[in-house]
S.K.: 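One structure, as structure tokens, below. Some questions next.
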Amino acid sequence: DWKLVERFPFIPADVAISSTGHVVVAGADYSKFAISDDLVSWQLVDPGLGRVRMVVQYADNYYAATQAGVKQSADGITWSTANGVPSFDCVAITSSPLGVTAVGSTGYNNKIYHSADGLSWADVHTASTPQYLNTICYSAPYLIAAGGSGYFLKSSDGVDWTNIASDLLGTPSQCVTTNNGLLALSAGFIYRSPLAEPVTFYPESLAASISSVAYGNGVSVAVGNNSG
């Protein structure tokens, strides 16, 4: 069962939880963060990070995808630029058994930055293409990055990336791995793929415009708007 624990004076963009139960709620564009150790008492802070897209937790740190690159923090209050990552438009970030991986762009180039330990980062992929990367997820044993017009990349170590042939014509805004493949969210529709190559997507029949999808404990959950 779910229950409301707090109302925030900002629109949340993402949430991350540490192994000790420390919770960081990241506000959307240019807003505050909320920090709690017990989900009862909350501290509002202004991290000064500008536009925040996502926040993830890895090892002992939090990592935020921002319009100015990857930022890291031990407590969600004080943030600094990740070591070795210059300013770039970071649109998505994920943590996995391979480490922490961020995707985005600078100018007309797609960029992927990866860290195996969360401390030292490397520029592992630069490509000039009109299909900008929008999302990244982990589907053992691969990291999967995706962008416009069915542009997919995969990596088994976070460092070396190769193209994956795909028949998805849309631009995925989110990818989620399940126990039997990959879900891609594009223009309000969900597409499913068994992750065999080439990647073939099959549309899911849902009577709503989907805004986000998640998977856990054997269940896929989608949220969206049904005005009909």
Side-chain angles (χ1 to χ4, degrees), residues 1-83 85 87-104 113 115 117-119 121 134-138 173-178 183 185 208-226:
D1 294 332
W2 294 82
K3 67 176 182 179
L4 178 67
V5 296
E6 186 69 20
R7 295 184 184 275
F8 303 116
F10 59 83
I11 297 175
D14 206 357
V15 60
I17 307 174
S18 73
S19 59
T20 62
H22 187 75
V23 180
V24 173
V25 177
D29 296 357
Y30 308 95
S31 62
K32 296 183 181 295
F33 279 22
I35 314 295
S36 179
D37 286 316
D38 56 11
L39 297 178
V40 176
S41 300
W42 293 86
Q43 178 185 0
L44 293 180
V45 300
D46 186 354
L49 296 183
R51 187 176 185 184
V52 176
R53 274 65 176 261
M54 296 177 65
V55 61
V56 299
Q57 199 275 340
Y58 180 79
D60 296 323
N61 287 305
Y62 296 91
Y63 300 87
T66 81
Q67 200 168 21
V70 177
K71 308 299 180 179
Q72 70 179 56
S73 173
D75 56 11
I77 300 173
T78 303
W79 294 80
S80 61
T81 299
N83 183 34
V85 182
S87 178
F88 80 110
D89 189 9
C90 183
V91 296
I93 191 168
T94 190
S95 59
S96 73
L98 300 177
V100 190
T101 314
V103 301
Y113 290 89
S115 175
D117 57 9
L119 302 177
W121 290 73
N134 297 317
T135 183
I136 186 168
C137 63
Y138 180 73
S173 58
Q174 184 183 8
C175 285
V176 175
T177 55
T178 71
L183 296 178
L185 177 62
S209 177
I210 304 302
S211 57
S212 186
V213 61
Y215 174 82
N217 196 30
V219 177
S220 298
V221 178
V223 295
N225 177 54
N226 182 358

S.K.: Any side-chain hydrogen bond (donor to acceptor under 3.5 Å, both in side chains) pairs touching residues 90-104, not counting sequence neighbours?
M.R.: Thr101-His114
S.K.: Assess whether side-chain hydrogen bond (donor to acceptor under 3.5 Å, both in side chains) is satisfied between Thr81 and Lys71, documenting all intermediate values.
M.R.: CA-CA 5 Å; Thr81 299; Lys71 308 299 180 179; 2.8 Å; yes
S.K.: Grab the two heavy atoms, one from Leu119 and one from Tyr63, that are nearest each other, plus how far apart they are.
M.R.: N-OH, 4.5 Å
S.K.: Indicate yes or no for a side-chain donor-acceptor contact from Asp14 to the backbone of Val55 under 3.5 Å, with no hydrogens or angles considered.
M.R.: yes
S.K.: Report yes if the side chains of Glu6 and Val25 come closer than 4.5 Å at any heavy-atom pair, otherwise no.
M.R.: no
S.K.: Would you check if Val23 and Leu39 make a side-chain contact, meaning some heavy-atom pair closer than 4.5 Å?
M.R.: yes
S.K.: Please answer whether the main-chain N or O of Ala74 pairs with a side-chain N or O of Gln72 as donor and acceptor at a distance below 3.5 Å.
M.R.: no
S.K.: Under the ring pair (Phe, Tyr, Trp, His ring centres under 6.0 Å) rule, collect the residues that match up with Phe88, sequence neighbours excluded.
M.R.: Tyr113
S.K.: Set out, in order, the CA-CA distance, both residues' side-chain angles and the distance that settles side-chain contact (heavy atoms from CB on, under 4.5 Å) for Ile35 and Asp75, then state yes or no.
M.R.: CA-CA 8 Å; Ile35 314 295; Asp75 56 11; over 6 Å; no
S.K.: How about Pro9 and Leu44: do any of their side-chain heavy atoms sit closer than 4.5 Å?
M.R.: yes
S.K.: Any donor-acceptor pair under 3.5 Å linking the side chain of Ser87 with the backbone of Gly69?
M.R.: no
S.K.: Can you tell if the side chain of Trp79 reaches within under 4.5 Å of the side chain of Tyr62, non-hydrogen atoms only?
M.R.: yes
S.K.: How about Asp60: does its CG atom have over 12 heavy atoms from other parts shown lying under 6.0 Å from it?
M.R.: no
